[in-house]
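This report concerns only the one structure given below.
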Amino acid sequence: MEYNHSEIEKKWQKKWEQEKSFKVEVDKNKEKFYMLVEFPYPSGVGLHVGHVRVYTASDVQARFKKAKGYNVLFPMGWDAFGAPAEQYAIKNHIHPKKAVEENIQVFKGQMQDLGLAIDWDREFSTTDPEYYKLTQWQFLQFYKAGLAYKAEKEINWCPTCKTGLSNEDAQGGVCERCGSQTTKKLKNQWVLRMSNYADKLLDGLDDTEFLDKVKTAQINWIGKSIGASVKFKLKDTDDDLEVFTTRCDTLFGVTFMVMSPEHKFLEKYKDRIKNLEEVKAYQEEAKHKSEIERTDMTKDKTGVKLNGLTAINPVNGEEIEIWISDYVLASYGTGAIMAVPAHDDRDFAFATKFGIPIVQVIKEPNTSEDTLSCAYTGDGIMINSGFLNGIDKKEIAIDKMITFLEEKNIGKKTVNYRLQDWIFSRQRFWGEPIPMIHCPECGWVPVPDKDLPVLLPDVQSYEPTEDGESPLANITDWVNVKCPCCGHDAKRETDTMPNWAGSSWYWLRYMDPHNNNAIASKEALDYWGKVDLYDGGMEHATRHLLYARFWNIFLHEQGLVPNSEPFLKRISHGMILGSNGEKMSKSKGNVVNPTDMVKEYGADALRLYEMFIGDYSKDAAWNENGLKGCRKFLNRIWNLQSKLNANAGYTPSLESIINKTIKKVTHDIETLDYNTAVSALMILLNEMDKETSITKSDYATILQLLNPFAPHITEELWSKYGNTNKLLAYEAWPTYDETKTIDETIELPVQVNGKLKGTILIPLNVEETYVKDTVHTQFADLLNGKNIAKEIYVKNKIFNIVVK
RNA sequence: GCCGAUGUGGCGGAACUGGCAGACGCACAUGACUCAAAAUCAUGCGGGAAACCAUGUGGGUUCGAGUCCCACCAUCGGCACCA
C-alpha cells in the first residue's frame, strides 16, 4: 500500500508554519548550536537537486541537534546582488529588484516543499535596503580605520562584463562571472587592505576546525614566503633596484636582473634607455596579452635588454645587465628579480635564449662543475661565493647572507605574500553603492551615517557601459549631491560593491535580523557566537571564506563582534551529477528538477535518497531508480503500522538491533555519514519486517531515528502511534543502553594460514582453551595429519592456525 | 612542476584502532500472486566446475593487509614563470 505523500507533506508543513515550530530565540538556559549553510543566489532557474542535498544534510543536523536538546539556529536568506540576478534581469527586461523578488518566491516555495526546519522569521535578502544600509556602514568603518582606499591600480578587467574584478574573482585569468579571459587595466578603484591581514588569516586557521583541504587552499592562496629583500645600486643614479628573493645564498651567481614591463623605473629613467622604442613596443605587447597568455609556462621566454641601465651586485661589486620580461610580475614582490640562471629554471631558460653568462654557485653532488645542462636547484656545497664558500646547507648559507646584508644595510629578511588587497569596486548597476562622495574641496567624504542607506536609484538601463564606467554614472540626479562637509557641489561614487560584500557578514545578521541600529544586538552576538557548522562548496574556499574571515577579524578588532574567527567547522559537500556522470546542464539534457521529484515521489523520499546516495563529501551521479528504492522503503515504514501489537516495551528479539541502530544512527549523523545512517535504518526495518508483529515502542523508535531524514511521514505516523501527544519535531532523541548493544554469542572466524575456513559460535569473552578445543573438534578433518606450528587467538576476533 | 585526495562487483557505495571484503540500495535472474502486466512478496546474485582467485599495478612487513611501508600507473581537485 502506498501513502499519499502530497497530502501528508502539505499537512505537516502547514502545521510547522502555524506553530512556528522552528522559531528560535536567545535562551541562556540552553546550549546553542548554529547550523549555517551558504545562502543561495536566487537565480531564475530555481533550485537544483544539488541544493536539496546540502539543505537536507543541514536540516538533518538542525533537527538532530534540536532533538538532542540544543537551541538550534538554522536560518536562510538570499544573496541576491551580483551577476546572476542582473543577467536574468537584463535578459528578461525587468528591473533586477523585481526579478529578485520573483526568484526568491520560487526558491522559498521549493525549500518549503522540502520541509526544512528553518526559522523563516529570520529571512532577509542582501538587497534589502535595511540590510545593505549596514553593509555600507561597515564599509565606512573600513574607510575610517584606514583600510579602504582609492587608488589607481592595475586590475583584472573582464571585457565581457565590462567590470573590474578582484584577484579572487579572476583566478587563472578567467572571469568568475562569465568565464571570459581577463585583461589588465589601469583603473581608479576602491580597495580594502586585506594584505595587511595575511598573517592573521593564516594564524586564525588554528582556531578553526576546517577541513584540511579548505585550510590548504587558503594557505596556498595567501602564499606566505620568507626570504630577503636586496638592494642593487643602479649605476650612476641615487636609486636602488630592490628585489625579493627566497635564495639570497645564491647572490654571487646573479648574472642579470629582470624588471616587469610595468616597473616604474622604466618611466623614470626613459631618458637613459637607448633602445626606448624597443622597450616601449615590448611594454605595449605585454599590456595587450591576456592573463592566460602571459602566464602560459609552455611559451618561450621573451624580453628586451635595457641599454644604458646597469646594476651593481652588492656582494661583489660586479656590473649586471638589466632586462625587462613578462615572466616577472609587477604584482608580486617588488616587480623585479635578481636572476641566478645556474639555479633557477626560468632564469636558466632566459639566459640560454639570450646568451647571458651562467655562474654556478652551488656544486651539484657527483658531477664536475662545468656540466650544467639545466638549472640545479638542490642542496650542495657553495662555490664561487666568497665568504659562503664551503657551506653545504642552504639554511646556513641563507642565514649568513642575511646577517651580511643587514650589517651592510643593503638588504634584510623579508616576508612576501601572494595575497593582495581586495579590489572592491565594480562598474555594475546591481550592487551596493559605495557610500562615498567626492568633493573638489574636501576630497573623499564618507556619506554620514544618518544618510544611509545610499539607495540604488530607479533607472531605465542597467546594462554595463562601453567606457568602463558604472551605469550609475549617467544618472545625474543621483550623482550630483552637496558635500556633507562643506556644502559645495560634489559627486557620488558610482561604483558598486562586489557581490561578496553582502555575504561577508550575513551570518551575523541572522542572529538578530530586525535590529534597526546595529549589525545585531550584543546579547545575540554573544549568545550565538561562532557558527558551529558551516556547509558550503569548495569553490568558495579562496573567495567567500577568505573575505568573510577578513571582514570578521576586522569587526572583531573594532569591538563589534565577540570572536575573531566566525566559523568553527567548515565542511564541503560533493556535487550531484547527471545520470551520465557529468555535471548537470541544460545543454547536456541531464538536469533533474527537484520539484518534479517532490511531486512524483514526495519530499521525504527525495531527502532520504539524497542522504543515501553516497559519501556526503563526494560527487554522486543521479539515479532515479535509487530514489524509487527509497520511496519503497518509506512505503514499507508506512505499512509497518499493520503489524502493531499491544505489547509494552521493545520486542525482545528486536531489543539488541534497536539499541545498536540508535547508537549507529546517532554516531553517523554526528560524523556526517548520512549514507550509512540510512543504511542502518534499512537494516532495522528489514529485521522488523521479519517479525510477525511489533510493539508501539519498536515503531516509535524507528520513526524517531528516521525523523531528521523524512520528517513528514514520521510526523504523521507519530501522531497516530507515538508515545506522546507532542509533535515529533519537539521530541527528545532516543537513548540506548550500551549493554544491550553487545552480543553474548559471537560467530568467530577460523583461519588456517590466514585463509578463512569457517566460523564457530562461542560465548563472548570465553577463555581461550574453550575456543581452542572447539576449533580442534570442529575442524578436526582439516587439521588431520597437519603439523601445527602456531595458533593465534585474538579475543572475540579471530582464531588462526599456522600449519606447515 | 609542487601540494592534496581518490582508485573495491554490472552500478551507487559499506568495512571501527590490521582480524569473515562486498553491509545497504539499485540493476538483473528465478519463483509466488495475476487472464496478463505493473505493484508487492520470496529466493539468488564478485569470478571459477573445483582447489582456489579477487579491493588500480608491482614489491615488502605480518600468523593475517582494502587498511601499514616502498615504487609505479590512472583519475580528480588546489596552486603555479610567485622569484
Side-chain angles (χ1 to χ4, degrees), chain A residues 1-2 171-172 211-221 223-225 227 243-248 250 257-258 260 294-299 301 325-329 331-340 344-347 349-350 377 416-420 538-539 541-542 572 579 581 608-609 612-615 617-630 632-633 635-636 639 664 667 671 673 675-686 689 747-759 789-803:
Chain A
M1 225 182 73
E2 297 215 2
Q171 295 190 21
L211 285 179
D212 278 348
K213 62 175 173 177
V214 176
K215 283 191 182 183
T216 309
Q218 295 222 336
I219 291 166
N220 283 344
W221 187 260
K224 182 173 184 169
S225 137
V243 299
F244 173 74
T245 174
T246 54
R247 294 300 303 270
C248 64
T250 61
M257 302 189 73
V258 189
S260 68
R294 265 194 74 158
T295 56
D296 179 7
M297 289 201 312
T298 59
K299 76 166 194 227
K301 293 268 181 295
S325 172
D326 62 7
Y327 85 89
V328 173
L329 308 174
S331 54
Y332 185 77
T334 62
I337 62 156
M338 59 178 228
V340 185
D344 180 281
D345 295 328
R346 298 151 300 177
D347 299 345
F350 196 86
T377 53
N416 239 296
Y417 301 93
R418 196 182 159 284
L419 181 74
Q420 288 169 41
M538 261 320 272
E539 72 274 20
T542 53
S572 76
S579 53
L608 191 71
Y609 170 59
F612 185 58
I613 195 167
D615 185 331
S617 65
K618 289 186 193 149
D619 293 351
W622 183 261
N623 177 3
E624 199 162 326
N625 282 322
L627 173 54
K628 284 180 188 166
C630 287
K632 197 166 111 182
F633 168 80
N635 284 338
R636 288 173 62 204
N639 292 335
K664 174 134 182 85
H667 173 267
T671 53
D673 292 311
N675 55 338
T676 49
V678 174
S679 142
L681 289 168
M682 288 172 167
I683 292 168
L684 179 59
L685 172 66
N686 289 344
D689 247 352
E747 197 182 357
L748 188 84
V750 178
Q751 298 180 335
V752 174
N753 288 343
K755 292 205 163 68
L756 184 75
K757 294 298 170 190
T759 60
K790 200 175 172 185
E791 289 178 310
I792 294 131
Y793 176 56
V794 182
K795 198 174 172 189
N796 301 327
K797 286 280 186 196
I798 201 151
F799 195 93
N800 190 13
I801 305 160
V802 186
V803 300

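Heavy-atom basis, side chains included; hydrogens, waters and symmetry copies ignored. A, B, ... follow the sequence lines: proteins, then strands. Residue 1 opens every chain. Small disclaimer: the values here were computed from a predicted structure and weren't measured.
In this structure, A:Val340 reaches neither bases nor backbone, as no heavy-atom distance under 4.0 Å exists between it and the strands shown. Across all strands, A:Val794 comes closer than 4.0 Å to base atoms (heavy-atom distances). Using a 4.0 Å heavy-atom criterion, one finds that A:Leu329 contacts the bases of the nucleic acid, with or without backbone contacts as well. Note on A:Gly333: nothing from the nucleic acid sits closer than 4.0 angstrom, heavy atoms only. Among the atoms of the strands shown, none is found under 4.0 Å from any heavy atom of A:Lys213. Looking at heavy-atom distances under 4.0 Å, A:Lys757 makes contact with sugar-phosphate atoms alone, never a base. In this structure, A:Ile792 reaches the bases: a heavy-atom distance under 4.0 Å links it to at least one base atom across the strands shown. Among the heavy atoms of the strands lying under 4.0 Å from A:Asn686 are primed sugar atoms or P, OP1, OP2 only; no base atom is included. Within 4.0 Å (heavy atoms only), A:Asp347 reaches no atom of the nucleic acid at all. Within 4.0 Å of A:Glu747, counting heavy atoms only, lies at least one base atom of the nucleic acid. Across all strands, A:Asn800 comes closer than 4.0 Å to base atoms (heavy-atom distances). Nucleic acid contact class of A:Lys301 (heavy atoms, under 4.0 Å, all strands): base.
Rounded to whole Å, the separation between the P atoms of B:U8 and B:G18 comes to 22 Å. The separation of B:U55 from B:C20, taken at their C1' atoms, amounts to 15 Å, rounded to a whole angstrom. A gap of 44 Å separates the C1' atoms of B:U43 and B:U61, to the nearest Å. Nucleotides B:U57 and B:C63 are separated by 26 Å at their C1' atoms, to the nearest Å. Taking atom C1' in both B:C53 and B:G9, one finds a spacing of 14 Å when rounded to whole Å. Look at the C1' atom in both B:G12 and B:G22: the space between them is 13 Å, to the nearest Å. B:G77 and B:G10 are spaced 28 Å apart, taking the C1' atom of each and rounding to whole Å. Straight-line distance between the P atoms of B:C11 and B:A23: roughly 15 Å, to the nearest whole Å.
By the rule that a glycosidic angle within 90° of 0 means syn, B:G78 does not qualify and counts as anti.
Each of A:Met538 and A:Thr759 was assigned the nucleotide of RNA chain B with the nearest heavy atom; the assignment lying further toward the 5' end belongs to A:Thr759. Mapping A:Ile801 and A:Asn623 onto RNA chain B by nearest heavy atom places A:Asn623 at the nucleotide closer to the 5' end.
With a 4.5 Å cut-off on side-chain heavy atoms, A:Asn753 and A:Val802 count as touching. For the pair A:Asp347 and A:Met338, the minimum side-chain heavy-atom distance is 4.5 Å or more. Taking the side chain as every heavy atom from C-beta outward, A:Asn625 and A:Lys628 approach each other to under 4.5 Å. No side-chain heavy atom of A:Tyr609 sits less than 4.5 Å from a side-chain heavy atom of A:Val678. At a threshold of 4.5 Å between non-hydrogen side-chain atoms, the residues A:Thr216 and A:Asn220 count as touching. The shortest side-chain heavy-atom distance between A:Thr542 and A:Gln171 falls under the 4.5 Å cut-off.
One can place OH of A:Tyr327 at 13 Å from C1' of B:C82, the figure rounded to the nearest angstrom. The interatomic distance linking A:Gln751 (CD) with B:A21 (C1') rounds to 12 Å, in whole Å. Atom P of nucleotide B:U6 and atom CG of A:Asp619 are separated by 14 Å, given to the nearest angstrom. One atom, CZ of A:Arg346, and another, C1' of B:G1, lie 11 Å apart when rounded to the nearest Å. Atom NZ in A:Lys224 sits about 14 Å away from atom P in B:A83, given to the nearest Å. In this entry the distance linking CZ of A:Phe612 with C1' of B:G12 reads 8 Å, nearest Å. Spacing between atom CG of A:Asn675 and atom C1' of B:U8 amounts to 15 Å, rounded to whole angstrom units. Spacing between atom NZ of A:Lys628 and atom P of B:C24 amounts to 22 Å, rounded to whole angstrom units.
When the nucleotides B:C63, B:C20, B:A83 are ranked by their closest atom to the side chain of A:Leu756, B:C20 comes out on top. Between B:C82, B:C26, B:A23, one nucleotide has an atom nearer to the side chain of A:Tyr332 than all others, and that is B:C82. Of the listed nucleotides (B:C82, B:A23, B:C79), B:A23 has the atom at the smallest distance from the side chain of A:Ser679. Residue A:Arg636 places its side chain closer to B:C41 than to any other of B:A23, B:C63, B:C41. In this structure, of B:C16, B:A23, B:C3, it is B:A23 that holds the atom nearest to the side chain of A:Ile683.
Nearest heavy atoms, A:Leu329 versus A:Ser260: C-CB, 3.9 Å. Of all the heavy atoms in A:Lys301 and A:Arg346, the pair that sits closest is CE-O, 3.6 Å. The shortest non-hydrogen separation linking A:Gln218 to A:Ala541 is NE2-O, 2.8 Å.
For the atom pair A:Leu748 CG and A:Thr759 OG1, the distance stands at 8.5 Å (nearest 0.5 Å).
At least one side-chain nitrogen or oxygen of A:Lys632 sits closer than 4.0 Å to the OP1 or OP2 atom of B:C26. Taking side-chain N and O atoms only, A:Asn220 has no distance below 4.0 Å to OP1 or OP2 of B:C3.
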For this session: Any chance you could encode RNA chain B as dot-bracket? Rule is Watson-Crick or G-U wobble with both distances under 3.5 Å; [ ] for pairs crossing earlier ones, | for another strand.
Result: (((((((..(((......[....))).(((((.......))))).((....))..(((((..]....))))))))))))....

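In this structure, A:Phe244 and A:Tyr332 have perpendicular ring planes: the angle between them is above 60°, well past the 30° mark.
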